[in-house]
Structure formats: C-alpha cells, structure tokens
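Below, read A as the first sequence line, B as the second, and so on, with proteins coming before strands; counting in each chain starts at 1. Only a predicted model underlies this, so the values are computations on that prediction, with no experimental measurement involved.
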Amino acid sequence: MSILSKIFTAIKGGANEVGEGIVDANAIRIFEQEIREAKSNLGNAKQELTNIMAKKMSVDREIEQINKDIAQYESAAISALNKGEEALAVEVAEKLATLENDLTIKQQASLTFKNHVARVKDIMKKSERKIADHERELMMVKTTESVHKATRSISDNFGAGATKLVNAKESLERIKAKQQGFEDRMVAAEQLETESSSDSLDSKLRDAGITENNQAKDDILARLRDKANK
Amino acid sequence: MSQLETLIKAVSNVDEEARQGFEFDFQPLSGDVDVVQVTIKDREELPLYITHSDSQLLCICYLWDESQVNVAKRADMLDAMLRLNMPMPLSSFGIVQNEERGDQYAVFGAMSLSATAEDVALELATLSDNALDAIDVMSPYLN
C-alpha cells in the first residue's frame with residue numbers, strides 16, 4: 001500500500017486523536033532508517049563502481065600493451081622467416097601463442113568488468129530513484145503531521161470558546177465593509193483635497209482684489225454713494 | 001531563534017511593493033510545531049498561518065468548517081473547488097481535519113524552505129486575496 005493511501009486511510013479513519021500521529025511514529029522511524037540504509041548502500045555501490053572501473057582501466061591498458069607486443073613479435077617472426085631463421089621464428093611463434101592466450105583472458109576480464117559496471121550503474125540508478133521516492137513519501141507523512149499539529153496549535157491558542165471557525169460569509173462581509181470604508185475615505189479625502197485647493201485659489205484671488213465678490217462690493221458701494229448724494 | 005522566526009523577521013522587513021501594499025502582523029503561537037499567525041490590516045477576520053515541515057513551508061488560510069457548508073450543495077461545492085484549484089494563483093484548496101472543530105476547508109500554498117522573504121510576502125498577499133475570492137465564489141454553497 002502506498003504511503004498516500006495509508007495517509008488517506010488514517011485521515012478517513014479519524015486515527016488522529018489528540019496525541020496520536022497520522023502514521024505511527026515508529027513506522028516513520030523505520031522508514032527513515034530504510035532511507036538511511038539505502039543511502040549507505042548507494043555509497044558502497046559507488047565505491048564498488050570506482051574499484052571496478054579502475055580494474056577495467058588497468059586491464060584495458062594491459063590489453064593495449066599485449067596488442068603492441070603481438071604486432072612487434074609478428075613482424076619479428078616475419079623477419080626471421082625471411083632470413084630463413086626457422087628455429088627463431090618457431091620460438092617467436094610460441095611467444096605469440098602465449099601472448100594471444102593472455103590477450104583472450106584479459107579481453108574476457110575487460111568484458112566482465114564492463115558488464116559489472118553496467119550492472120552496478122543500473123542498481124545505483126534504481127536505488128537512487130527508490131530513495132527519492134521514499135523521501136517524497138516521507139515528506140507527505142511529515143507534511144500531514146505538520147499541518148495536523150499546526151491546526152491543533154491554532155485551535156488550542158484560541159481556547160475552548162472558539163470551537164468553530166467564524167462564519168466565512170460574515171467575515172467576508174466585514175472585510176468588504178472595511179474595504180468599502182477605506183475606499184469611501186479615499187474618495188472623501190480626494191474631494192476634500194480638491195475643495196481645499198479651490199478654496200485657497202479663491203482666497204488668493206480675493207487677496208489680489210480680482211474676485212467677482214470684490215467687484216460686486218465696490219459696485220454696490222458706488223451705487224449707495226450715488227443714492228446718498230442725490 | 002527558529003528558522004521560521006528568522007524568515008518572518010525578514011518578511012516583515014520587505015518593502016511595500018513586495019508586500020503588495022499590505023501590512024502584516026506576525027504572532028508566533030505556542031504548540032508542538034512552529035506556527036506563526038499572520039494578520040493583515042483590515043483583514044483581521046481571515047488570519048493566515050505559516051508553518052513548516054522538514055521539507056517545505058506551508059501558508060494556510062482556514063476558510064470555513066463543515067457546519068457552514070450547505071449539505072444539499074456540498075457535492076457541487078467540492079466540484080467547484082476542484083475546478084478552481086488550478087486557475088487559482090499560487091494556492092490550492094484543502095481540507096484539514098481537526099479533532100475539536102471538525103473538518104476545516106482551507107486555501108494553502110506550499111513553498112520550498114529556501115524561499116526568499118519576498119517570495120513569502122507575495123505568497124501571503126496572494127493567499128489572502130485568494131481566500132477572499134474563494135469565500136465570495138463559494139458563498140452560494142455556504143450557510
């Protein structure tokens with residue numbers, strides 16, 4: 001059973017009573033231990049891989065040398081034959097036989113190492129994937145635990161009185177009202193700003209004796225003077 | 001100082017643009033795990049909570065509990081939540097079980113533990129907006 005379905009079963013079953021984990025703590029410890037072991041195995045495998053690759057490189061170097069030797073002895077044998085040194089040619093041929101035998105053995109060894117490397121690499125890839133998978137699963141369990149514990153802390157902090165969440169719609173309405181209040185205040189502030197700036201303009205005009213009011217006052221005064229003089 | 005407190009301190013110092021103009025107030029809560037309550041000015045009714053596990057940071061906003069769901073419309077509501085899950089930026093819907101309060105519906109965002117203060121600030125701002133939108137959209141299914 002996958003970890004996710006275990007978590008789901010635990011949650012659905014209401015297993016998370018106070019003080020009890022979603023997945024039992026011992027299971028988590030075992031799981032963590034498995035991951036640690038898998039990582040340690042992976043480390044060993046890497047070490048093994050290094051050794052095998054080193055051995056293969058060494059054998060390959062030997063093969064290269066044997067091939068060179070064979071080429072050298074073959075040309076020596078031909079020279080001997082050309083010079084009619086039959087006995088010497090036979091001796092060289094014997095040496096060549098030994099070298100070729102050696103070559104076959106070394107080539108076999110190289111091939112074995114090559115297969116071994118491929119196998120170890122394959123195992124490593126699989127175990128890396130397994131570790132990643134286990135870690136992801138562990139993350140799911142731990143996150144479930146964290147959320148559960150956090151939720152408990154939160155409700156504990158609000159005491160027994162707050163057994164229920166505040167009604168969501170009412171909360172939204174209150175926030176919207178605050179938002180509306182804020183916007184209203186902004187609009188009011190803007191209006192006030194406009195008004196006070198026009199006020200100050202008027203007063204500046206009045207001070208300069210340019211506004212219509214001043215003009216009207218002067219006209220009225222002139223009219224009254226006219227009447228008085230009559 | 002815990003890792004979470006260090007992060008919160010950094011988040012409270014990010015500039016106004018990174019906070020999307022919101023004013024956050026952080027209040028650590030006592031309990032088994034590190035939890036910090038985040039209150040946003042003028043949105044005090046919908047606090048956010050930050051907590052963390054070994055691998056990730058979680059920002060949660062609890063929306064409503066099962067008692068607020070209109071029973072006859074419950075299936076429709078769940079359907080709507082699943083459909084809105086993907087379009088909703090940075091957050092997802094979830095249900096958290098609580099032994100005292102019963103099932104609680106929530107929106108949450110998960111982040112890497114290496115998230116920057118600016119990332120967390122954006123997450124919180126977005127989560128709060130998403131929570132308000134979610135209640136607005138889901139109102140017809142609620143009591």
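How far CG of Asp54(B) is from CD of Glu32(A): 7.5 Å, rounded to the nearest 0.5 Å. Atoms CZ and CD, on Arg43(B) and Gln179(A) in that order, are 6.5 Å from each other to the nearest 0.5 Å.
The shortest non-hydrogen separation linking Ser153(A) to Ser30(B) is CB-O, 3.7 Å. Contact record, Leu172(A) with Ser139(B): CD2-OG, 4.5 Å, taken as the closest heavy-atom pair. Looking at every heavy atom in both residues, Leu142(B) comes nearest to Lys169(A) through O-NZ, 2.9 Å. Closest heavy-atom contact between Ser55(B) and Met139(A): OG-CG, 2.7 Å.
Atom NZ of Lys178(A) is surrounded by more than 12 heavy atoms from other residues, nucleotides or ligands within 6.0 Å. With a 6.0 Å radius and a threshold of 12 heavy atoms from other residues, nucleotides or ligands, Glu183(A) has its CD atom above the threshold. In Gln33(A), the CD atom is crowded: over 12 heavy atoms of neighbouring residues, nucleotides or ligands sit closer than 6.0 Å. Residue Met111(B) qualifies as enclosed at atom CE: its count of foreign heavy atoms under 6.0 Å is above 12.
Two residues are said to be in side-chain contact when any heavy atoms from C-beta on lie closer than 4.5 Å; Tyr62(B) and Ile154(A) meet this criterion. A 4.5 Å side-chain heavy-atom check between Ile175(A) and Asp42(B) finds every atom pair outside the cut-off.
Counting heavy-atom pairs under 4.5 Å between each of Val35(B), Ile135(B), Leu46(B), Leu63(B) and chain A puts Ile135(B) at the top.
With hydrogens and angles disregarded, no donor-acceptor distance shorter than 3.5 Å links the side chain of Glu45(B) to the backbone of Arg174(A).
Proximity to chain A (any heavy atom under 4.5 Å) is restricted, for Asn143(B), to the backbone atoms N, CA, C and O. For Thr51(B), the part lying near chain A is the side chain, with the backbone staying farther off; criterion is any non-hydrogen pair under 4.5 Å. Heavy-atom distances place the side chain of Leu58(B), and not its backbone, under 4.5 Å from chain A.
For the residue pair Thr143(A) and Gln56(B), a side-chain donor N or O sits within less than 3.5 Å of a side-chain acceptor on the partner.
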